[in-house]
Amino acid sequence: MKHTSLQWIGDFLSLFYPEYCPACGAVLMRNERCVCTNCSIHLPRTEDSLFSPNPTERLFWGRVPVVAAAALFKFKKGGGVQSLIHHLKYKNRPDIGRYFGRMLGEELRQNPQFLTVDAIVPIPLHPKKLRLRGYNQSEEIAAGIAMALERPVWPDVLVRQVATSTQTKRSALQRWENVCTVFAVPDPARIAGKHLLLVDDVITTGSTMEAAANKLLEAPNVIVSLAALAVDVV
Ligand SMILES: [Zn+2]
């Protein structure tokens, strides 16, 4: 490849402003994209697409009916995946969502159940957080999946309702009710009869995905699948 003047400038600048791997902190080589080669090989993959039912799907058994579920990485406290997600959410790195979203999308293509998906729906961010962060990390992941799966992203079909009073002032029961009513579908007719792929950054307890999926399932003849960059299962 021809060494352009732009690359010379890039090399020069990287002497002073090197890019770091968001998973392990190593300085990135110019040929490394998003994470270092070592991390791209060793970050713990779930291999969810190889198993049916897989552990991510089992997490939702008896809670919400889903067609299929898959995550790309295993989430471990203090591990590289946690650092990656931290950069995606809090260090202004929406590109991490797109890059690994696309990788996740390539994984989903291996499972025929994901091929009937009509549209991709990111878990919405609270409007206050969206203003602060400038982007919704789940929407970035959804955009990456969309590239691989060749399906549209529908970011407006699911919305987060703005709370009327602060969480701290509420009783435990009210807080529980709040989780159940936090999401809304403004136009159920629009999603009627569709297979929707709900996307979040990390599945920990699964309660966010559960609440959002149940809300989507209230619309006529909707079926739902789930995808996340990481899942916290042993
Ligand atoms: Zn690394």
Side-chain angles (χ1 to χ4, degrees), residues 22-23 33-77 79-85 88-89 94-123 137-154 158 194-210 212-214 216-217 222-234:
R33 277 202 60 207
C34 204
V35 292
C36 73
T37 309
N38 190 44
C39 284
S40 75
I41 295 167
H42 293 115
L43 284 176
R45 304 281 285 257
T46 63
E47 300 186 311
D48 273 345
S49 60
L50 300 179
F51 303 99
S52 185
N54 63 49
T56 306
E57 286 165 355
R58 285 172 196 269
L59 197 62
F60 294 93
W61 280 3
R63 298 168 71 183
V64 58
V66 296
V67 179
L72 186 64
F73 294 121
K74 292 179 200 166
F75 186 90
K76 284 259 161 61
K77 258 208 153 77
V81 175
Q82 185 183 26
S83 179
L84 203 63
I85 302 281
L88 166 64
K89 287 171 78 168
D95 60 301
I96 293 174
R98 286 192 181 232
Y99 182 82
F100 286 103
R102 187 166 192 167
M103 197 179 281
L104 172 59
E106 298 292 346
E107 285 286 312
L108 301 183
R109 280 173 59 154
Q110 312 300 314
N111 181 341
Q113 287 178 301
F114 287 105
L115 297 180
T116 64
V117 162
D118 293 299
I120 305 161
V121 178
I123 294 278
Q137 71 279 0
S138 298
E139 203 171 325
E140 300 299 323
I141 299 164
I145 295 174
M147 281 187 258
L149 220 51
E150 297 174 329
R151 297 294 189 280
V153 179
W154 288 354
L158 187 69
K194 302 294 185 194
H195 181 186
L196 301 173
L197 178 64
L198 200 51
V199 173
D200 203 357
D201 48 0
V202 186
I203 297 170
T204 40
T205 62
S207 60
T208 304
M209 282 289 216
E210 184 186 351
N214 274 320
L216 291 174
L217 287 166
V222 162
I223 53 171
V224 173
S225 288
L226 312 175
L229 273 198
V231 65
D232 193 0
V233 289
V234 244

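Every heavy atom of this structure was used, including side-chain atoms; hydrogens, water molecules and symmetry mates were not.
Leu197 has its side chain out of reach of Val224: every pair of non-hydrogen atoms, C-beta onward, lies at least 4.5 Å apart. A heavy-atom distance below 4.5 Å is found between the side chains of Leu84 and Leu43. Side-chain atoms of Arg45 and Leu72, non-hydrogen and from C-beta on, do get closer than 4.5 Å to each other. Between Ser49 and Leu108 the shortest side-chain heavy-atom distance does not fall below 4.5 Å. Here the side chains of Trp154 and Leu196 are in contact, with some heavy-atom distance below 4.5 Å. Contact check for Ile141 versus Pro122: no side-chain heavy atoms found under the 4.5 Å cut-off. Contact of the Trp61 side chain with the Pro53 side chain is registered, since non-hydrogen atoms from C-beta on lie closer than 4.5 Å.
For the pair Arg151 (side chain) and Leu115 (backbone), a donor-acceptor distance under 3.5 Å is present. In this structure, Gln110 contributes its side chain and Glu107 its backbone to no donor-acceptor pair below 3.5 Å. Between the side chain of Asp200 and the main chain of Ile123, no donor-acceptor pair closer than 3.5 Å is present.
Considering all non-hydrogen atoms of both residues, Val35 and Cys39 come closest at CB-CB, 4.2 Å. Residue Leu149 comes nearest to Arg109 through the heavy atom pair CD1-CG, 3.5 Å, listed as atom of the first residue, atom of the second, then distance. Closest of all the heavy-atom pairs between Leu217 and Val222 is CD2-O, 3.3 Å. Scanning all heavy atoms of the two residues, the minimum distance from Pro55 to Asp48 falls at CD-OD1, 3.8 Å. In terms of heavy-atom proximity, Ala69 sits nearest to Asn54 at O-ND2, 2.9 Å. Nearest heavy-atom pair, Ala70 versus Thr56, reported as atom, atom and distance to 0.1 Å: N-CG2, 4.2 Å.
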Practice problem: Would you sort out whether Val231 and Thr46 count as a side chain to side chain contact (heavy atoms under 4.5 Å, CB included), showing the intermediate values? | Solution: CA-CA 8 Å; Val231 65; Thr46 63; 3.9 Å; yes
**Message:** I'd like to know whether Leu226 forms a side chain to side chain contact (heavy atoms under 4.5 Å, CB included) with Phe60, so could you lay out the CA-CA distance, the side-chain angles of the two residues, the decisive distance to 0.1 Å, and finally the verdict.
**Reply:** CA-CA 10 Å; Leu226 312 175; Phe60 294 93; 3.6 Å; yes
Self-check item: Verdict with reasoning, Val66 to Ser225, per side chain to side chain contact (heavy atoms under 4.5 Å, CB included)
Solution: CA-CA 5 Å; Val66 296; Ser225 288; 5.6 Å; no
Could you walk me through whether Met209 and Leu198 pass side chain to side chain contact (heavy atoms under 4.5 Å, CB included), step by step? CA-CA 8 Å; Met209 282 289 216; Leu198 200 51; 4.0 Å; yes
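For Arg58, the CZ atom is densely surrounded, since the number of other residues' heavy atoms within 6.0 Å is greater than 12.
Checked against side-chain hydrogen bond (donor to acceptor under 3.5 Å, both in side chains), Ser83 has no partners two or more places apart in sequence or in another chain. In terms of the side-chain contact (heavy atoms from CB on, under 4.5 Å) criterion, residue partners of Gln137 (sequence neighbours excluded) are, by chain and number, Leu88, Lys89, Leu125, Arg133, Tyr135, Asp201. Partners of Thr204 by side-chain contact (heavy atoms from CB on, under 4.5 Å), not counting sequence neighbours, listed by chain and number: Val202, Asp232. Applying the side-chain contact (heavy atoms from CB on, under 4.5 Å) rule to Asn111 yields the partners Ala68, Gln113, Phe114; only residues at least two apart in sequence or on another chain are considered. By the salt bridge (charged side-chain N to carboxylate O under 4.0 Å, His left out) test, Glu210 is found to be paired with Arg63, residues two or more places apart in sequence or in another chain being considered.
To the nearest 0.5 angstrom, Glu139 atom CD is 11.5 Å from Ile120 atom CD1. The distance from the CZ atom of Phe51 to the CD atom of Glu57 is 12.0 Å, given to the nearest 0.5 Å. Atom CG of residue Leu229 and atom CD1 of residue Ile96 lie 9.5 Å apart, to the nearest 0.5 angstrom.
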Hey, can you pull the donor-acceptor pairs under 3.5 Å for the side chains in residues 97-106, sequence neighbours left out?
unit_1 : atom_1 : unit_2 : atom_2 : d
Arg98  : NE     : Glu140 : OE1    : 2.7

